[in-house]
Amino acid sequence: MIDVTLPDGSTRTLEEGTRALDVARSIGARLAKDALVASINGVLTDLSHPVADGDVVSIVTPASDAGRDVLRHSTAHVLAQAVLRLWPGAHYAIGPAIRDGFYYDFSLPNSAHFSDDDLVRIETVMRQIVAEDQPFLRSEYSIEEGLELFKDQPFKVEIIAGVREGGSPEDVTEVGGSVVSTYSNTPEFQDLCRGPHVPSTKRLGHFKLMRVAGAYWRGDEKRPQLQRIYGTAWESSEALAAHLAQLEEAERRDHRRLGQEMDLFSFPSQLGPGLAVFHPRGGTVRRVMEEYSRARHVAGGYEFVNTPHITKAELFETSGHLDWYAESMYPPMDLDDGQQYYLKPMNCPFHVLIFNARQRSYRELPLRMFEFGSVYRYEKSGAVHGLTRVRGMTQDDAHIFCTREQMAQELSDLLSFVLALLRDFGLNDFYLELSTRPEVKSVGSDEEWDEAEATLAQVARGANLELVLDEGGGAFYGPKISVQARDAIGRTHQLSTIQLDFQTPQRFQASYVAADNARHRPIMIHRALFGSVERFMAILIEHYAGNMPTWMSPEQVKVLGVRDDHDDFAQDVATRLRLDGVRVSVDPANEPLGARVRRAKKEKVPYILVVGGDDLVADTVGINARGANDPERGVSVDEFRARLRQEIAEHGSPELTRGA
RNA sequence: GCCUGGGUAGCUCAGUCGGUAGAGCAGCGCAUUCGUAAUGCGCAGGUCAGGAGUUCGAAUCUCCUCCCAGGCUCCA
């Protein structure tokens with residue numbers, strides 16, 4: 001007999017030769033029925049795996065992160081089986097579980113491609129395989145046997161051979177260590193895989209194939225491009241439906257769609273990809289964002305600077321950007337005197353020149369220079385995406401020059417400043433990411449990097465937020481903290497970045513005179529809070545689903561007379577609001593009231609004021625607020641003005657706090 | 001940049017076999033005067049992304065270019 005320990009600490013005595021599934025049965029028939037895989041001493045295994053004396057065993061069911069991963073991975077195998085059934089001779093590469101689903105990469109005979117119709121056919125076959133209730137059977141082979149077994153599958157051979165030659169960690173994972181493990185559910189289909197898998201295909205079924213895409217083999221653009229099929233899979237049809245509903249919600253909020261509908265901005269094709277124009281309404285949102293940011297920066301002790309959009313090559317040679325990023329810079333303009341001029345992709349070197357414009361004293365530090373700096377980056381044509389990835393953008397960019405002694409305090413003040421500003425824009429669910437030195441593509445000594453990383457890590461830990469490590473994700477000149485924010489539908493966006501840089505001041509030989517009368521090198525902090533104004537606006541539009549808080553709304557109030565003999569009073573109300581600084585317009589009564597209310601609602605105006613005969617006499621308005629169900633009648637104009645002034649001043653968004 | 005799929009009126013879309021363009025919304029005009037999500041009638045609106053080719057004839061077939069979408073790669 002053997003003893004195993006369960007997650008609650010209890011033990012169970014079972015016969016020798018017992019499998020994980022038997023442990024589940026010993027706990028309960030219902031659990032045994034739900035069980036997908038087991039975790040033995042923290043390692044996920046098939047249910048058929050034997051347990052030994054002293055093992056700690058827990059049973060993994062579908063409605064858990066581990067369970068969903070297994071479901072998705074097993075569904076990917078079924079996808080591959082279906083594709084091989086439909087396209088004999090297809091080559092299959094890898095098919096992991098990913099967030100919300102799975103994918104599998106293929107190469108079809110005669111360089112054929114999947115079409116959208118093919119997805120339907122494949123899904124049909126997958127459902128047949130599920131209905132056939134095929135078991136997932138594990139086998140183990142030597143590497144040589146594995147090479148023979150998959151001799152017609154070049155991608156599998158490459159993976160196995162990779163393991164034999166030392167192998168990348170991914171390859172070892174794929175294969176299952178120095179033993180080649182495979183899963184077959186029928187003689188028809190066998191796949192190289194570490195596992196574990198669900199006991200049988202019958203346990204799958206709540207999945208949907210989503211799309212076809214090209215993907216480079218091993219993620220390397222110099223390698224062949226494979227055909228990738230993406231799918232999503234869940235533990236129940238309800239969970240699947242909820243996921244699909246979430247995708248629809250994201251589509252409804254898409255800033256590109258809302259930007260069009262709300263007349264905020266557009267991308268004229270005459271300008272080229274990734275180059276946006278802001279229409280008056282979008283321009284208003286943008287202006288309000290920038291004005292508020294400026295006011296906060298003034299209060300935060302920043303000085304305002306301005307720099308040109310083009311520069312001689314020398315500047316970016318000195319900064320080092322041309323060494324690493326020449327490909328994603330617009331090509332240079334060759335001018336008459338043989339000089340090359342570049343559009344600027346970054347503001348930092350310009351700000352260093354301002355620092356260097358005269359001798360600096362330690363008394364001036366920290367010196368904080370801020371600029372809404374427009375930069376141009378030649379993003380690959382396939383990479384541009386709405387306002388979130390553009391070729392021309394404006395960064396809310398600042399560079400802080402300070403001493404080494406000041407930097408820890410400055411960074412921690414800065415982090416508080418950043419979070420406060422983001423909260424003012426209505427984001428309040430954050431975590432931090434610490435990005436360290438890149439393996440290639442970096443400059444500077446190990447000591448400098450170690451000090452910079454240690455300082456940032458200390459500051460990040462002090463913020464009392466979840467902290468995630470992003471190994472090797474730093475800039476070439478220094479490590480960074482990035483602030484990640486979760487939006488209203490739970491997606492995360494990388495927003496602000498704070499980078500610590502010992503290199504650029506050296507490259508530009510920046511210095512200040514300290515109390516000891518000697519020259520010292522300042523350190524430099526790069527930081528952008530919005531990231532870019534364009535991208536931040538896109539994130540806010542999606543966060544609010546277009547219902548911008550009143551203080552940011554392009555139009556805050558629309559006044560509607562009931563009949564045209566009320567239009568003069570409507571104008572009067574609008575004029576009084578305008579004197580308060582409110583963005584307001586009147587929609588005259590040559591259409592029925594219902595039609596005008598409907599239009600204003602579709603425009604997402606926060607307040608629709610309806611004025612009729614009663615209001616004209618009593619100097620009141622009827623308030624139809626965005627997100628509210630019933631209009632509020634007979635509110636005095638002055639009362640409404642006071643409420644609105646307060647709401648705008650506090651940056652409140654009442655319809656959100658009302659839960660509408 | 002690569003793979004796949006797209007581009008028809010300001011927007012959303014229809015357009016049969018290759019026979020020369022259509023709806024709804026928006027816009028404009030007239031009528032309507034109305035208390036909270038669509039008043040009626042009329043008018044106007046198009047180099048079918050652009051160019052070349054095949055054809056008696058091209059929105060439709062072929063090629064090239066531009067732009068968009070979803071991925072991959074990249075993201076200072």
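We name chains A, B, ... by the order of the sequence lines, and we start the count at 1 in each one.
For A/Trp449, there are no ring-ring contact (aromatic ring centres under 6.0 Å, His included) partners, not counting sequence neighbours. The side-chain contact (heavy atoms from CB on, under 4.5 Å) search around A/Ser445 returns A/Glu447, A/Glu448, not counting sequence neighbours. With sequence neighbours excluded, the residues satisfying salt bridge (charged side-chain N to carboxylate O under 4.0 Å, His left out) with A/Glu371 are A/Lys344. With sequence neighbours excluded, the residues satisfying ring-ring contact (aromatic ring centres under 6.0 Å, His included) with A/Phe401 are A/Phe355. Among residues two or more places apart in sequence or in another chain, the side-chain hydrogen bond (donor to acceptor under 3.5 Å, both in side chains) test is passed with A/Asp397 by A/Asn347. With sequence neighbours excluded, the residues that form a ring-ring contact (aromatic ring centres under 6.0 Å, His included) with A/Phe640 are A/Tyr607.
Across all strands shown, A/His526 has no heavy atoms under 4.0 Å from either base or sugar-phosphate atoms. Using a 4.0 Å heavy-atom criterion, one finds that A/Tyr230 contacts the sugar-phosphate atoms exclusively.
Taking atom C1' in both B/rA37 and B/rC25, one finds a spacing of 15 Å when rounded to whole Å. Comparing the C1' positions of B/rC68 and B/rC30 gives a spacing of 40 Å, expressed to the nearest Å. The C1' atoms of B/rU8 and B/rG24 are separated by 15 Å, rounded to the nearest whole Å. B/rC2 and B/rC61 are spaced 27 Å apart, taking the C1' atom of each and rounding to whole Å.
As the counterpart of B/rG10, B/rC25 is assigned, both hydrogen-bonding distances of the Watson-Crick or G-U wobble pattern falling under 3.5 Å. Using the Watson-Crick or G-U wobble rule with both distances under 3.5 Å, B/rC30 pairs with B/rG40.
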Show the distances under 3.5 angstrom between N or O atoms of the protein and N or O atoms of nucleotides 30-36 of chain B.
{"from": "B/rU33", "atom 1": "O2", "to": "A/Asp564", "atom 2": "N", "distance (Å)": "2.9"}
{"from": "B/rU33", "atom 1": "N3", "to": "A/Asp564", "atom 2": "OD2", "distance (Å)": "2.9"}
{"from": "B/rU33", "atom 1": "N3", "to": "A/Ala589", "atom 2": "O", "distance (Å)": "3.2"}
{"from": "B/rU33", "atom 1": "O4", "to": "A/Asp564", "atom 2": "OD2", "distance (Å)": "2.9"}
{"from": "B/rC34", "atom 1": "OP2", "to": "A/Arg563", "atom 2": "NH1", "distance (Å)": "3.4"}
{"from": "B/rG35", "atom 1": "O6", "to": "A/Gly613", "atom 2": "N", "distance (Å)": "2.9"}
{"from": "B/rG35", "atom 1": "O6", "to": "A/Asp614", "atom 2": "N", "distance (Å)": "3.0"}
{"from": "B/rG35", "atom 1": "N1", "to": "A/Asp615", "atom 2": "OD2", "distance (Å)": "2.8"}
{"from": "B/rG35", "atom 1": "N2", "to": "A/Asp615", "atom 2": "OD2", "distance (Å)": "3.2"}
{"from": "B/rG35", "atom 1": "N2", "to": "A/Arg633", "atom 2": "NE", "distance (Å)": "2.9"}
{"from": "B/rU36", "atom 1": "O2", "to": "A/Asn624", "atom 2": "ND2", "distance (Å)": "2.6"}

Could you list all N or O pairs between the protein and nucleotides 7-13 of chain B that sit under 3.5 Å apart?
none

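The pair A/Lys380-A/Glu221 counts as a salt bridge, with a side-chain nitrogen and a carboxylate oxygen less than 4.0 angstrom apart.
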Would you list the atom pairs, donor with acceptor, under 3.5 Å between side chains in residues 259-275 of chain A and any protein atom, with sequence neighbours excluded?
{"from": "A/Glu261", "atom 1": "OE2", "to": "A/Arg257", "atom 2": "NE", "distance (Å)": "3.3"}
{"from": "A/Asp263", "atom 1": "OD1", "to": "A/His279", "atom 2": "ND1", "distance (Å)": "2.7"}
{"from": "A/Ser266", "atom 1": "OG", "to": "A/His279", "atom 2": "NE2", "distance (Å)": "2.7"}

